[in-house]
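Here is the structure we will look at.
Scope of the values below: all heavy atoms of this structure, side chains included, with no hydrogens, waters or symmetry mates. Residue numbers run from 1 in the order of the sequence given.
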Amino acid sequence: MLFLLSEYQDRAKTKAENLQAFSDIPPNVENFQNDLNGRGSFILSRMMARVSVKGLKEKLDKEKLVETFNKLDEIVKDERFKKDFKDLKVDKDKKKIYYESENKFKFVALLADRPSQTLFLGRKFME
């Protein structure tokens with residue numbers, strides 16, 4: 001168990017460092033690394049394991065940025081997910097996802113693709 005905890009934390013730190021490459025999109029993302037310590041750090045580190053930095057690079061590419069932010073805006077305003085992402089600020093016009101320590105779990109949930117939809121029935125749920 002201790003090995004897993006250490007592994008999750010190491011991977012989360014590496015991914016947090018990689019997120020800084022996108023710092024123009026999530027301003028203040030450099031503060032995220034500090035939030036990987038302390039209260040809730042194990043849960044946050046486990047959530048970070050699901051974040052695909054490669055996938056984010058593709059989605060946040062300049063050519064796909066408008067499409068990506070339209071989709072993000074749709075997700076955070078969707079009736080099913082609205083409550084889950086309350087207080088998380090996504091500005092599709094400015095192409096920003098604002099990182100704040102109080103919303104660190106919501107921020108990671110969005111990046112980790114936790115909002116999901118079934119292919120056949122189109123049922124939406126948080127994974």
Side-chain angles (χ1 to χ4, degrees):
M1 183 68 168
L2 291 175
F3 172 75
L4 279 177
L5 174 62
S6 175
E7 186 67 25
Y8 281 135
Q9 288 175 329
D10 289 345
R11 288 184 184 201
K13 287 178 183 177
T14 300
K15 289 183 180 189
E17 289 171 5
N18 290 332
L19 286 178
Q20 291 185 28
F22 312 113
S23 63
D24 56 323
I25 293 170
N28 300 330
V29 76
E30 65 276 356
N31 297 334
F32 179 70
Q33 207 159 5
N34 297 331
D35 291 333
L36 287 172
N37 301 314
R39 188 171 177 231
S41 61
F42 177 68
I43 295 168
L44 195 59
S45 294
R46 282 184 56 198
M47 289 175 70
M48 279 297 290
R50 296 185 57 151
V51 173
S52 167
V53 175
K54 181 182 176 184
L56 286 175
K57 283 181 183 177
E58 291 171 10
K59 288 292 186 181
L60 299 176
D61 183 67
K62 288 181 181 179
E63 292 177 14
K64 293 187 177 182
L65 207 53
V66 171
E67 178 184 336
T68 297
F69 270 87
N70 285 338
K71 187 65 175 171
L72 287 174
D73 189 56
E74 182 182 314
I75 291 168
V76 297
K77 290 181 179 175
D78 186 282
E79 212 44 52
R80 170 55 189 98
F81 304 124
K82 196 180 229 180
K83 182 180 175 187
D84 296 312
F85 293 112
K86 183 181 175 208
D87 301 325
L88 182 66
K89 296 175 184 133
V90 175
D91 187 332
K92 82 173 189 175
D93 297 326
K94 293 182 181 179
K95 312 295 183 271
K96 304 279 183 202
I97 306 168
Y98 293 96
Y99 177 74
E100 296 173 358
S101 293
E102 326 52 83
N103 296 325
K104 60 187 171 190
F105 294 104
K106 296 173 184 180
F107 178 79
V108 174
L110 191 62
L111 296 183
D113 239 4
R114 288 200 57 214
S116 300
Q117 183 173 0
T118 61
L119 294 173
F120 183 60
L121 298 177
R123 187 177 67 85
K124 297 178 182 182
F125 62 97
M126 283 295 277
E127 195 175 303

If you measure from the Lys or Arg side-chain nitrogens to the Asp or Glu carboxylate oxygens, is any gap between E7 and R11 under 4.0 Å? yes

Taking the side chain as everything from C-beta on, heavy atoms only, tell me whether E100 gets closer than 4.5 Å to K89. yes

Quick check on K106: does its NZ atom have over 12 non-hydrogen neighbours (other residues, nucleotides or ligands) under 6.0 Å away? yes

Ignoring hydrogens and angles, state whether a donor on the side chain of Y99 or D35 is under 3.5 Å from an acceptor on the partner side chain. yes

Salt bridge flag under 4.0 Å for residues E74 and K71: yes

Using the rule that Ile, Leu, Val, Met, Phe, Trp and Tyr join whenever any side-chain heavy atoms are under 4.5 Å apart, tell me whether L5 and M48 fall into a single cluster. no

Evaluate the side-chain proximity of F125 to T118: yes if any heavy-atom separation is below 4.5 Å, no if none is. yes

Would you mind checking if D73 and K77 are paired as a salt bridge, meaning a charged N to carboxylate O distance below 4.0 Å? yes

With a 4.5 Å limit on heavy-atom distance, are the side chains of L36 and S45 in contact? yes

Determine whether L19 and L111 make a side-chain contact, defined as any pair of heavy atoms from C-beta on separated by less than 4.5 Å. yes

Parallel, tilted or perpendicular, judged at 30° and 60°: which one describes the rings of F107 and F32? tilted

Is it true that K124 and D78 make a salt bridge, defined as a side-chain N closer than 4.0 Å to a carboxylate O? yes

